[in-house]
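Working notes for the structure below.
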Amino acid sequence: MQDNEFEVVVPEDHDNCALDDGIMDSLQAGYVQRGKHQLPRQGTKYPWKVTMHYGKDRKMLLDDPIEDAALNFFKKENSTYKAAPLNNITTKEASA
């Protein structure tokens, strides 16, 4: 992303396959429940369906192309989104 001056990438569900279930909904820890509205949700099919299968996840993350119709990349100068640099996250935010 840095090489192409992209600041933000936003996934978009063109096929309307998102479910109301989050991928972490089964965890009852308070910090997970408080932040679950910010966590990814499960979907009915690839790439939104979380398989929790190391081999499939590894292939997707390492071998599948980054350019994907589900991903919208925004350059810094055209971005309406403001991504916070990781070094500006406080210890309290990182541990929440």
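Given the structure is predicted, the values throughout are model-derived calculations rather than measurements. By convention here, the first residue in the shown sequence is residue 1.
Listed by chain and number, the residues in a side chain to side chain contact (heavy atoms under 4.5 Å, CB included) with His14 are Glu12 (sequence neighbours excluded). Looking at residues two or more places apart in sequence or on another chain, you find a side chain to side chain donor-acceptor pair (under 3.5 Å) between Asp57 and Thr51.
The backbone N or O of Cys17 sits nowhere less than 3.5 Å from a side-chain atom of Lys45 that would complete a donor-acceptor pair. Judged by distance alone, with hydrogens and angles left aside, the side-chain atoms of Gln33 form a donor-acceptor pair with the main-chain N or O of Leu27 at under 3.5 Å.
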Could you please spell out the steps behind the side-chain contact (heavy atoms from CB on, under 4.5 Å) verdict for Phe74 and Val10?
CA-CA 8 Å; Phe74 295 95; Val10 179; 3.9 Å; yes
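Looking at heavy atoms from C-beta onward, Leu19 lies in side-chain contact with Thr44 at the 4.5 angstrom threshold. Using a 4.5 Å cut-off on side-chain heavy atoms (C-beta onward), Lys49 and Gln42 make contact.
Considering CZ of Phe73 and CD of Glu5, their distance stands at 14.5 Å, rounded to 0.5 Å. We find the CE-NZ distance between Met1 and Lys75 to be 10.5 Å, quoted to the nearest 0.5 Å.
Residues Met60 and Trp48 do not share a hydrophobic cluster, defined by chaining ILVMFWY side chains whose heavy atoms lie under 4.5 Å apart. Both Met52 and Val32 are members of a single hydrophobic cluster when ILVMFWY side chains are connected at heavy-atom separations under 4.5 Å.
Taking both residues in full, the closest heavy atoms of Lys59 and Asp64 are given as NZ-OD1, 2.8 Å, listed atom of the first, atom of the second, then distance.
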